[in-house]
Each structure stands twice: as C-alpha cells, then as structure tokens.
Q: 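Mind having a look at this structure? Questions to follow.
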Amino acid sequence: MQSKASHFFEYLTWVGFLVIITFSVYNDGGIDILSHLFLSGSLIIFGILYLLYKKPLKYGIELIPLLFFLVFFLLSFVFSQTKNVGLFELILFISGAFVYIYVSSQKWDFSIFEKFMKWIVVIAVIITLYGYFHYIFDPFNRFTSTFVERIYNFVGYPNAYANFILAVIPIPFYFLYKDVKPSVRRALYVSLILIISAFFLTYSRGAFIALSVISIPYILGILFSSKGHLKQGIKKLKTIVLLVVLSAILTIPVNYLRSMNNSEVASFADKITLESGEKDTSTSDRLEFWEGSIEMFMDNPVFGTGPGSFQYVFPAYQKTLLANSNSPHNLFLKLLVENGVFAMAFFVLFMLILFLRGIMVYKNFTKNERLLIFTLAASIIGSLLHNMVDYNLNFVSIILLLFIFFGVIGFIINKNSDKFVTELKVRFVKYLLVLVGLLMCFVALHEVYYSYVFIQARAAHKAGDYTAAESYYTKAKDIFLKRDLFIGFAQMNVKKFETEGDIKYLENAEKLLLTGFSLNSHDAFIVNYLGDIAFDMNKIEQAKNYYAQSLKLDPKNNLDYYYDNLNVDDALTKEEIDDLIALLDDYHDKLAQNAHLTILTGNPDSAVMIYELLLSKIKDTEFAFVYNDKLLEGLKQMQDTYELEKSKFEKHYNLKLTKED
C-alpha cells in the first residue's frame, strides 16, 4: 500500500504535466515562446520531485541510445551553421528525454495515471468545443481550435490540432474496453463523436491515413480478443462504425452553420482528390522537401546543419518557386538533416529497443497492462506516422504527450522484467537530472527577460523612439536565441541615417549585420540588406557581390533579390531578360492561387518593380521592340491579379492590408 507522501508525490507529478499541457494547448497549441520556456522552467520542479523520490529507480537499456541521441543533438547545436536559432528544438528534445527518464524509472499507481488520461480527454473536448465556435464564425476554413495564431485570423495549424487529437483518440477506447458506468460510457461516446467530427474537419490527409493505419490492429485486436465470443466482438465493431458515422454526420450541420457566416466551406472530396487548390503547395512541395533533405544530408552528414536550420539552408537546394518551409515535413528527415546521421540513428534505436523489450516481456503483462500499452502505442504510432508527412513536434502539447506515453510504456516494461534493466540506488542520476532542470530553468528565465527586452526594443523602434530602442537593443544582445535581433538593430540605425543623414549609422548597421551573418551565413536577407547598405554608401561593386550572394543563397523565395541584382546590372543580356520573364510568369501563376499567402509578402510589389525596371532599362536599346509589349502586358496582368487576390483576401478575412502587413 502506498504511503500518503508517495501518493501526494504522484498526484503532484501528473497534475504538473496537466498544467503544462493545458497551458501550451491554450497558447496556440504550444508553438509560442512562452510554452517552450514554461516547459523548460518546469523541469526544475520535476527534478526536485525526482530527488525526493526514495525508492530505487529502474533504468532500461534503451536509455543508452536516448542519452547518445541527446549528446549528438547537443553537438549539432554547438556546431550549428545557424547559431541564431535552434534553442526551441533543444529545449523540446532535452525536456522530452528528461520526461521519459523521469516517468519510466519510477513506480506509478495505474489509477492515478488513468485519471491523468481522463483529464487529457476532457482538455481535448474543451478545446474542441471552442474549436467549433472558431470554425463556424471565423474565416479560416479548416478546424484548428486553439492551434491558431490569435493575432492573425488567417494563420492556423489544423494539422497540428489533428496530430494532438490523433494522440488522444485511442484513450476513450481504453476506458470503453473496460467496465465503466453507463453514464461514463455515454460521456465517452459523446466525447468521441465531438473530437472525431472535428478531426474530419481539419481535412488533414496525413492524419486520416495515420488514423486508418492504427485502426487496423485495433479492429483485429477486438476480433482476436473476442475469440469464442464473436457476437460480442461484432457488436463492439458496430459501435465503432456507428460512432464514426455519427461523427461524419455531425460535420454536415457544422458546415451548414459555417456557410451561413462564411462563404468558403472546404469540400472533403476536393481535399481527398487533391483538387482543393492545395495540390502544388502540399503534395509536390513535400516531395521536393524530402528530395532536398537528402541532398542537404549528403553535404552535412555528421552533425547536420543545426537545430531549426532547415528554413535557412534549404532555399539553396530549392527548385520550385515559393516551395519553402521551416521543416522537411518529416520527423526522421528533420533529425537527419538538422542533427546528423548519429542523432537520427540513436533516436530510432531508442524506439526500436523499447519495442523489442516490450515484445520480449509481453507474456508477463497483466490484462490491464496489455490494454494500456496497446492504447499508448496506438497514440505514439499514430503521432509518429503523421509526423512522417507533417512535422508537429515543435508544439509543446504534442511532444510532451508523446514522451509521457513513451515513459509509461517504459515503466510497464521495467516493472515486468529484470532483463536489460539497471537499478540505481545511488543518487548520482537524480542529482544529474536536477542539475539539468536547474540549467533549463536558468535558460527559461534568461530568455523570458531578454525576450521582453527585445520586444520593448521593437516597440520603441516602431514608435520612432530611437534612443530608447538603442538602449533596449544593446541590452537584448545577451539573449541566447538571437533570431532577428541584429536585423532589427540595423534597421533602426538605417532609420536614424534617413532622419539625420549621418553615415556613421550606416556603418553601425553594417557592423551589426556582419555580426548577424557570422551567426547565420545562410540568411539571405542579411546578405541582401548588406547589399542595400553598401549601395547607400556608394560601394557599388560590394553591393553587386552581396546581391549576387543573396540570390545564390535563396533564388526561389524573394523577388526583391532579383530586383536588386537587376538594378545594379549594367549589361543586361537577352538571356537575362528571358529568365526574368519566365520567373515572373511562374510567379504570376503562384500569385493567382495566393500560394503560401504570397500577397502578404513583398513579392507582388517586387514583381511589379521588376517589370517597371526592365521597361526602363530596355527603353533605348535593341531589346525595346522585342520585349516592350510583352512586358507591358505582363505588368498589367500582375497588377490586376494582385489587386484581385488582395481584394478577395481582405473580403474573406475582413481586414485591410497595409504595407506594414
């Protein structure tokens, strides 16, 4: 029988996990900086709880590859080619590993963990109910719930919400499989209908496929476990089919209510058959990300390019206009590309050993333990399958659930086997984990403070208070995750130059950008900005070199780089004109679809400016007769399409776009 202290310890642990998940789910699903820092800061609390735990701890052999994974992840961070990003990824995976070690090595009361799972379902239902309101009344046309950027009603994360629900769906079935009160059973049925219907409305093809895959062994498991009671098994299957049908039916009135408030309602048929206008920006883009990832890995096999670096490094490998992303949309490719072959291999080995150990001791499990492992494995496999086509482990709520479930599986295996398990009665490991918790807590507090300072700097900059902005920017230099710190500081100095005319401000901006470039030599924007400053300082040859370099780093995403190169091009050739016209034609097709929300970027204006600059440059040349009419026609089409797409976007989202947007 457990002591009161041990019982309290367990409750505190699982309540702590619930608090973090609730906080992160509420804050845009956990993609925001506060959720990451709250998670890392909370590690010290779990570290202290770990230290106070008096009983011997069990560590499975899978801990070895997990620790090696962390070592190589840290090395990839140290040797990163983009040192101004990557801290969030480091926080997430260190925290995930910490959670696994913490959960898998101790003894837990199943009844308390079951209460934790029930509350996870409650959280999912609550955010789903909120999501219905958001889906019906807001313009975003896919179900996102709280997985949305609240300050921008056109930015949502339906795939991430689908991933979260994918991890939750097996849990109600766990309780339905057991003997529960009729009232609880009815509540579980209603919960499943609500969340499965919302899951359908995410229109997430990858999540649909993942759910279909994990449903197959579940259905077979029902039939197998009902051997001798086939009628009972068929009855259970009928119940599942009925729940799915009712969930599908619920989408009809929901979409009808949406149609009364919004003209745009997505079609299931169009989504499934890739006819919804997302074909180019979804399926083909992913294939290009995966192909480019292999090329990136071949160039950086050992430590990768660094955590969070994909969006900066991939453009040099990119072949299709605007087809860029912050990840390759595949967990294993992301680890391979950003962290190297050893990090990815050890992560896979960790999961493989855990799986093999589970098979080896499966016969020792109790009936309830088998059911629980089956449920958690379904959640993990579903989540991992979805992350093979759409990376969502940058959301705290999703990655935390994943490692908690891994940890509980590890605990059940350790509980039932002495093979490949070590019992450490010494407190060294505990102290080590507390030290890690303290370190992550320090990182969290440090980032919270300096992030606040950086935000103040940007606010003062925007308000035109350059004295205060400079003070804040200078103080914010100590922030770990530099992000666009030096760009913001440089922009402020350029504004001061425009106001006061003193060239020292351009020199200051140049130094700041060079510092930023030393941290991230793949950032094409910094290089192009250096070209602008060199141009303003009348260093034309230097500006040409910078502009050419920015275009080499990122030739497919920012048309401004083409404009700047054209602006300093003194000897325009026919081949260059043909290439630019082909580029503008390609971009016009993207603009007509508003691919990747391109109307919110500077690309439409840059496209118009390139047309105008081309017309100006060929005016008194031999090319005027050949290209003048074609360029004028292209310019008009680009302007008309931009105005049309801009008008449609403003009308749909009920806003007015400005240059600042």
Q: Would you call Asp484 and Arg458 a salt bridge, using N to O less than 4.0 angstrom?
A: yes
Q: Which of these passes side chain to side chain contact (heavy atoms under 4.5 Å, CB included) with Val190: Leu194, Leu192, Ile193?
A: Leu194
Q: Minimum heavy-atom separation for Phe140 to Pro158, with atom names?
A: CE2-CD, 4.0 Å
Q: Are a donor atom and an acceptor atom from the side chains of Asn603 and Ser606 found within less than 3.5 Å of each other?
A: no
Q: One pair to check against side chain to side chain contact (heavy atoms under 4.5 Å, CB included): Val453 and Tyr449. What are the steps and the verdict?
A: CA-CA 6 Å; Val453 172; Tyr449 173 70; 3.9 Å; yes
Q: Phe489 vs Tyr473 aromatic rings, parallel, tilted or perpendicular, using cut-offs 30° and 60°?
A: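 Judged by the thresholds at 30° and 60°, the geometry between Phe489 and Tyr473 is parallel.
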Q: If we ignore hydrogens and angles and just use 3.5 Å, is the side chain of Ser24 paired with the main-chain N or O of Ile21 as donor and acceptor?
A: yes
Q: Examine the side chains of Tyr317 and Glu291 and answer whether a donor and an acceptor come within less than 3.5 Å of each other.
A: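 No donor-acceptor contact under 3.5 Å links the two side chains.
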Q: Does Val568 have any side-chain contact (heavy atoms from CB on, under 4.5 Å) partners at least two apart in sequence or in another chain, and if so, which?
A: Phe535, Lys544, Tyr547
Q: Which residue is it: Leu519, Asn84, Asn520, Asp523? I am looking for the one with a side chain to side chain contact (heavy atoms under 4.5 Å, CB included) to Phe486.
A: Leu519
Q: Can a side-chain donor-acceptor contact be found between His134 and Thr144 if the only test is distance below 3.5 angstrom?
A: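 Yes, a side-chain donor-acceptor pair sits under 3.5 Å.
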Q: Can you confirm if the NZ or CZ of Lys334 lies within 45° of the ring axis of Tyr391 and under 6.0 Å from the centre of its six-membered ring?
A: yes
Q: Do Gln81 and Thr305 pair up side chain to side chain, a donor and an acceptor below 3.5 Å, judged on atom types alone?
A: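 Distance-only check fails for Gln81 and Thr305.
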Q: Could you walk me through whether Lys648 and Glu645 satisfy the salt bridge (Lys or Arg N to Asp or Glu O under 4.0 Å) test, starting with their C-alpha distance in whole Å, then the side-chain angles of each, then the deciding distance to 0.1 Å, before giving a yes or no?
A: CA-CA 5 Å; Lys648 285 163 57 178; Glu645 290 301 316; 3.1 Å; yes
Q: Cation-pi check, Arg142 to Tyr135: give yes when NZ or CZ is under 6.0 Å from the six-membered ring centre and within 45° of the ring axis, no otherwise.
A: no
Q: With distance as the sole criterion, is a donor-acceptor pair present between the side chains of Tyr563 and Asp605 under 3.5 Å?
A: no
Q: Is there a side-chain contact between Gln491 and Tyr529 in this structure, where contact means two heavy atoms from C-beta onward sitting under 4.5 Å apart?
A: yes
Q: If you measure only the distance, is there a donor-acceptor pair under 3.5 Å linking the side chains of His596 and Asn557?
A: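 No, Asn557 and His596 have no side-chain donor paired with an acceptor closer than 3.5 Å.
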Q: Under a 3.5 Å threshold, yes or no: a donor from one side chain and an acceptor from the other, between His461 and Tyr472?
A: no
Q: Under a 3.5 Å cutoff, is there a donor and acceptor pairing between the side chains of His588 and Thr641?
A: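 Yes, because at least one side-chain N or O of His588 sits under 3.5 Å from a partner of the opposite role on Thr641.
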Q: State, yes or no, whether a side-chain contact exists between Ile526 and Leu530 at a heavy-atom distance under 4.5 Å.
A: yes
Q: Do Asn392 and Asn159 have a side chain donor and acceptor closer than 3.5 Å?
A: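 Judged by distance alone, the side chains do not pair up.
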Q: Please report the closest heavy-atom contact between Asn324 and Pro315, naming both atoms and the distance.
A: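 Between these two residues, the closest heavy atoms are ND2-CG, 3.7 Å.
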Q: Could you pull out the closest heavy-atom pair between Ala534 and Tyr546, with the gap in Å?
A: CB-CD1, 4.3 Å
Q: So Phe289 and Phe314, would you call those rings parallel, tilted or perpendicular, with 30° and 60° as cut-offs?
A: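 Perpendicular, since the angle between the ring planes exceeds 60°.
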Q: Could you please spell out the steps behind the salt bridge (Lys or Arg N to Asp or Glu O under 4.0 Å) verdict for Asp569 and Lys617?
A: CA-CA 10 Å; Asp569 191 346; Lys617 280 183 172 285; over 6 Å; no
